[in-house]
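Hydrogens, waters and symmetry mates play no part in the numbers below; they use all other heavy atoms, side chains included. Chain identifiers are assigned alphabetically (A, B, ...) following the order of the sequence lines, protein sequences preceding nucleic acid strands; residue numbering begins at 1 within each chain.
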There are 2 protein chains.
Amino acid sequence: MNIGDVADRSGLPPKTIRYYEDIGLVRPARSGNGYRAFSENDLHKLAFLGRARALGFSIEDCRRLLGLYEDSGRESAQVKAVAEEHLAEIDAKIAQLQAMRDTLAHLVRTCHGDARPDCPILSDLAGDPA
Amino acid sequence: MNIGDVADRSGLPPKTIRYYEDIGLVRPARSGNGYRAFSENDLHKLAFLGRARALGFSIEDCRRLLGLYEDSGRESAQVKAVAEEHLAEIDAKIAQLQAMRDTLAHLVRTCHGDARPDCPILSDLAGDPA
DNA sequence: ATAAGGGTTCCAGTCACTGGAAGCTCAAGA
DNA sequence: TCTTGAGCTTCCAGTGACTGGAACCCTTAT
């Protein structure tokens, strides 16, 4: 399979697939003409990576997960630990965004949004005492 | 004021303040010795930037907001538009993270997390039919 | 013969900093 | 007066995970 085929079948852009090879996540063979020659296993790995990335795992987490996936001697506790840590990070990020959202939504509600210059959003950013 | 003072009073690291000067967000004067000499107004602007960044506004949004803040002829509708657009982006990001979170939490719940190798997290990432 | 549509490499840019090196200035103490 | 240490300066490189673009090669069809 050429890179375009695996791109179509994995849903990853060719650029991303080349990048994953650069950083050693996949190691496709090469044809005589210099083209990458992907096996079904390569495709499978790339699809795995695509799903892991879609769940927000970092590249380094993906590398670990792929390593565990290919290690028949793994313990599921290792996988779960990676996932739980990531889950905690997601929860922290959601909490942070939610706090921003609440503040911002309040400010937007109190702003007239008309032709006059006075604006509680700017007042808040300027640190004016409410 | 030297950069250390404004750093303390604005809560921004010196590195960040220099960076903000680099990209033209503040333009402190210079003392004879080459040190940056910040005015109260510079400090005020930096604090403004710190609060805007804390609400997740991009640097370019911050530039716009600061411009509006200093433009007495602004219309509050302009400010509100910037804020509403950013709010929509935050909402989209929260929704995306929440979706990840739900999937991931489910997978974590179903994983034994013991010494055995079989793991529904890996099975899901591998695309195994549930 | 040529043109289109693959593929290849390499370099630069994104965003908002952050770390580190090398060197200058200033205030205080011995 | 000398020295020490803290604080300031600039510049360069790295972060994460790609993405865009240039320049060039390979294959297939017309």
Side-chain angles (χ1 to χ4, degrees), chain A residues 1-39 42-43 45-46 48-66 82 85-86 89-90 93 96-97 100, chain B residues 1-38 42-43 45-46 48-66 85-86 89-90 93 96-97 100:
Chain A
M1 266 180 294
N2 283 347
I3 200 167
D5 304 317
V6 267
D8 290 343
R9 292 178 61 190
S10 68
L12 296 172
K15 280 272 186 186
T16 298
I17 297 172
R18 290 193 194 100
Y19 172 68
Y20 286 175
E21 184 188 14
D22 263 10
I23 62 174
L25 285 178
V26 281
R27 304 184 186 283
R30 294 287 176 143
S31 308
N33 57 12
Y35 286 18
R36 289 169 183 81
F38 294 86
S39 67
D42 291 327
L43 171 59
K45 277 201 210 178
L46 287 167
F48 182 104
L49 290 169
R51 276 182 289 261
R53 291 287 301 131
L55 284 180
F57 285 104
S58 71
I59 288 287
E60 284 319 303
D61 278 350
C62 288
R63 198 189 297 278
R64 262 170 242 133
L65 290 170
L66 202 51
V82 173
E85 200 171 330
H86 179 47
E89 279 164 21
I90 289 181
K93 203 166 285 180
Q96 189 199 1
L97 285 171
M100 282 180 189
Chain B
M1 266 178 293
N2 283 347
I3 199 167
D5 305 317
V6 268
D8 290 344
R9 292 179 61 188
S10 70
L12 296 172
K15 279 273 188 187
T16 299
I17 297 173
R18 289 192 196 99
Y19 172 67
Y20 286 175
E21 183 187 13
D22 263 11
I23 62 175
L25 285 178
V26 281
R27 305 185 186 283
R30 293 289 176 141
S31 308
N33 58 12
Y35 286 17
R36 289 169 183 81
F38 294 85
D42 290 328
L43 171 59
K45 276 201 209 179
L46 287 167
F48 182 104
L49 290 168
R51 278 183 287 261
R53 292 287 301 131
L55 284 181
F57 285 104
S58 72
I59 288 288
E60 285 317 305
D61 278 349
C62 289
R63 198 188 298 278
R64 262 170 242 133
L65 290 171
L66 202 50
E85 200 172 328
H86 178 46
E89 279 164 21
I90 289 181
K93 203 166 284 179
Q96 189 200 0
L97 284 172
M100 284 181 188

Under 3.5 Å, N/O pairs linking protein and nucleotides 3-7 of chain D:
{"unit_1": "dG7(D)", "atom_1": "N2", "unit_2": "Tyr35(B)", "atom_2": "OH", "d": "2.9"}

Under 3.5 Å, side chain of Asn33(B) to main-chain N/O of Tyr35(B), donor-acceptor pair present?
-> yes
Donor-acceptor contact present, side-chain Asp5(B) to main-chain Asn2(B), <3.5 Å = yes
Closest approach of [X] and [Y], non-hydrogen atoms and distance?
X: Ile17(A); Y: Ser10(A); answer: CD1-OG, 4.1 Å
X: Val6(B); Y: Leu43(B); answer: CG1-CD1, 3.8 Å
X: Tyr20(B); Y: Leu12(B); answer: CE1-CD1, 4.0 Å
X: Ala37(B); Y: Ser31(B); answer: CB-OG, 3.5 Å

Where along residues 14-29 of chain B does a heavy atom fall under 4.0 Å from DNA chain C?
-> Lys15(B), Thr16(B), Tyr19(B), Tyr20(B)
Contacts to DNA chain C from residues 51-60 of chain B, heavy-atom cutoff under 4.0 Å, which residues?
-> Arg53(B), Ser58(B), Ile59(B)
On DNA chain C, which is the earliest and which the latest nucleotide, 5' to 3', with an atom closer than 4.0 Å to a heavy atom of chain A?
-> dG6(C) to dC10(C)
Kindly say if Arg36(B) contacts the phosphate of dT10(D), meaning a side-chain N or O under 4.0 Å from OP1 or OP2.
-> yes
With a 4.5 Å heavy-atom cut-off, do Tyr19(A) and Leu25(A) have their side chains touching?
-> no
Going by atom type alone, with no hydrogens or angles, which donor-acceptor pairs under 3.5 Å involve a side-chain atom of residues 48-61 of chain B and a protein atom two or more places apart or on another chain?
{"unit_1": "Arg51(B)", "atom_1": "NE", "unit_2": "Leu125(A)", "atom_2": "O", "d": "2.7"}
{"unit_1": "Arg51(B)", "atom_1": "NH2", "unit_2": "Leu125(A)", "atom_2": "O", "d": "3.2"}
{"unit_1": "Arg51(B)", "atom_1": "NH2", "unit_2": "Ala126(A)", "atom_2": "O", "d": "3.3"}
{"unit_1": "Arg53(B)", "atom_1": "NH1", "unit_2": "Phe57(B)", "atom_2": "O", "d": "2.5"}
{"unit_1": "Ser58(B)", "atom_1": "OG", "unit_2": "Glu60(B)", "atom_2": "N", "d": "3.4"}
{"unit_1": "Ser58(B)", "atom_1": "OG", "unit_2": "Asp61(B)", "atom_2": "N", "d": "3.0"}
{"unit_1": "Glu60(B)", "atom_1": "OE1", "unit_2": "Arg63(B)", "atom_2": "NE", "d": "3.1"}
{"unit_1": "Glu60(B)", "atom_1": "OE2", "unit_2": "Arg63(B)", "atom_2": "NE", "d": "3.4"}
{"unit_1": "Glu60(B)", "atom_1": "OE2", "unit_2": "Arg63(B)", "atom_2": "NH2", "d": "3.3"}
{"unit_1": "Asp61(B)", "atom_1": "OD1", "unit_2": "Arg64(B)", "atom_2": "NH1", "d": "2.6"}

So salt bridge (Lys or Arg N to Asp or Glu O under 4.0 Å) across residues 16-31 of chain A, not counting sequence neighbours, yields Glu21(A)-Arg30(A), Glu21(A)-Arg36(A)
